[in-house]
Amino acid sequence: MIRVLLVDDQPLLRSGFRALLDAEDDIEVVAEAADGREGLALARERLPDIALVDIQMPVMDGIETTRRIAADPALARVHVVILTNYGLDEHVFHALRAGAAGFLVKDIQPEDLLHAVRVAARGDALLAPSITRRLIDRYVSEPLHGGAEAGLRGLTNRERETVALVAKGLSNEEIAERLVISPLTAKTHVNRAMAKLHARDRAQLVVLAYESGLVAPRNR
């Protein structure tokens, strides 16, 4: 059973999401919160698998809520998925940098929401390659933390190559084709790199690659 926490200041939207999610045999909404502070407290109390968190809320916004969940070792298994009305904007990248596993636009189709919850529960990032490319192209202009380079020193050359390709938006299958390896081997390299870099998921791996300077943003 996938346990979901809904954090949004719009009661009608929460009710709609809850009805959709609770109708599934493998998904259960365990709590609802109207702001980030309440959401953080409920995350600690109920330990959901997924926290669907709105970006713009009173008291504590979604980015700060995400940052605090990601920083709490007791919540290491909680995957935050950001909800936004605005699609791809600068807040989304800040949320990913804070530790979100991905993001969803609120007008998402019901079947896509259900798929997204299941994907996030597996620990996979909700970032299609095309979205990754658009995020990086629009919002990363230079390495943010030069010190992040130190974390890359523990990677093998092949793992560094793999991380660079993840950051460029390639899927495991595309990485396998580029490096002439099997998709399973590509996935193994990704997982090992995430473990060594303490990245919660593939989304954070992308952020770390650009912050460290391993990959340079495309000139705009």
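Values below: every heavy atom of this structure, side chains too, minus hydrogens, waters and symmetry copies.
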Of all heavy-atom pairs between [X] and [Y], which one has the smallest distance, and what is that distance?
X    : Y    : answer
V163 : A209 : CG1-CB, 3.8 Å
L47  : A74  : CD2-O, 3.7 Å
H79  : A101 : CB-CB, 4.4 Å
G62  : I82  : O-CD1, 4.1 Å
I69  : A43  : CD1-CB, 4.4 Å
D9   : P58  : OD2-CD, 3.5 Å

S182-T185 side chain donor-acceptor pair, cut-off 3.5 Å
yes

Please check if the number of heavy atoms outside [X] that lie under 6.0 Å from its [atom1] is greater than 12.
X    : atom1 : result
R118 : CZ    : yes
R192 : CZ    : no
E173 : CD    : yes

Pair V80-T65, side chain to side chain contact (heavy atoms under 4.5 Å, CB included): steps then yes or no:
CA-CA 9 Å; V80 177; T65 303; over 6 Å; no

Applying the 4.5 Å side-chain criterion to the ILVMFWY set and letting contacts propagate, would I55 and V59 be lumped into a single cluster?
no

Go through the steps to decide whether V81 and I50 satisfy the test side chain to side chain contact (heavy atoms under 4.5 Å, CB included), and finish with yes or no.
CA-CA 7 Å; V81 177; I50 303 296; 4.2 Å; yes

[Y] side chain reached by [X] side chain, heavy atoms, under 4.5 Å:
X    : Y    : result
L179 : L165 : yes
V117 : I2   : yes
V4   : I27  : yes
L42  : E38  : yes
H189 : I181 : yes

Test your reading of the model: is there a side-chain donor-acceptor pair from K196 to the backbone of L155, 3.5 Å cut-off?
no

How many angstroms lie between atom [atom1] of [X] and atom [atom2] of [Y], to the nearest 0.5 angstrom?
X    : Y    : atom1 : atom2 : result
E159 : T188 : CD    : OG1   : 10.0 Å
R37  : L40  : CZ    : CG    : 10.0 Å
S171 : K187 : OG    : NZ    : 12.5 Å
Q109 : L114 : CD    : CG    : 11.5 Å

Side chains of residues 10-19: which donor-acceptor partners sit under 3.5 Å, not counting sequence neighbours?
residue: R14; atom: NE; partner: E32; partner atom: OE1; Å: 2.9
residue: R14; atom: NH1; partner: D8; partner atom: O; Å: 2.6
residue: S15; atom: OG; partner: P11; partner atom: O; Å: 3.0
residue: R18; atom: NE; partner: D22; partner atom: OD2; Å: 3.2
residue: R18; atom: NH1; partner: E32; partner atom: OE2; Å: 2.9
residue: R18; atom: NH2; partner: V29; partner atom: O; Å: 3.2

Test side chain to side chain contact (heavy atoms under 4.5 Å, CB included) on L83 and V53; report intermediate values, then the result.
CA-CA 6 Å; L83 297 169; V53 179; over 6 Å; no

With side chain to side chain contact (heavy atoms under 4.5 Å, CB included) as the criterion, how do V30 and R3 come out once you've worked through the C-alpha distance, each side chain's angles and the decisive distance to 0.1 Å?
CA-CA 6 Å; V30 296; R3 296 162 50 82; 3.5 Å; yes

Taking only residues at least two apart or on different chains, which pairs with a member in residues 41-64 satisfy salt bridge (charged side-chain N to carboxylate O under 4.0 Å, His left out)?
R44-D72, D54-K106, E64-R67, E64-R68

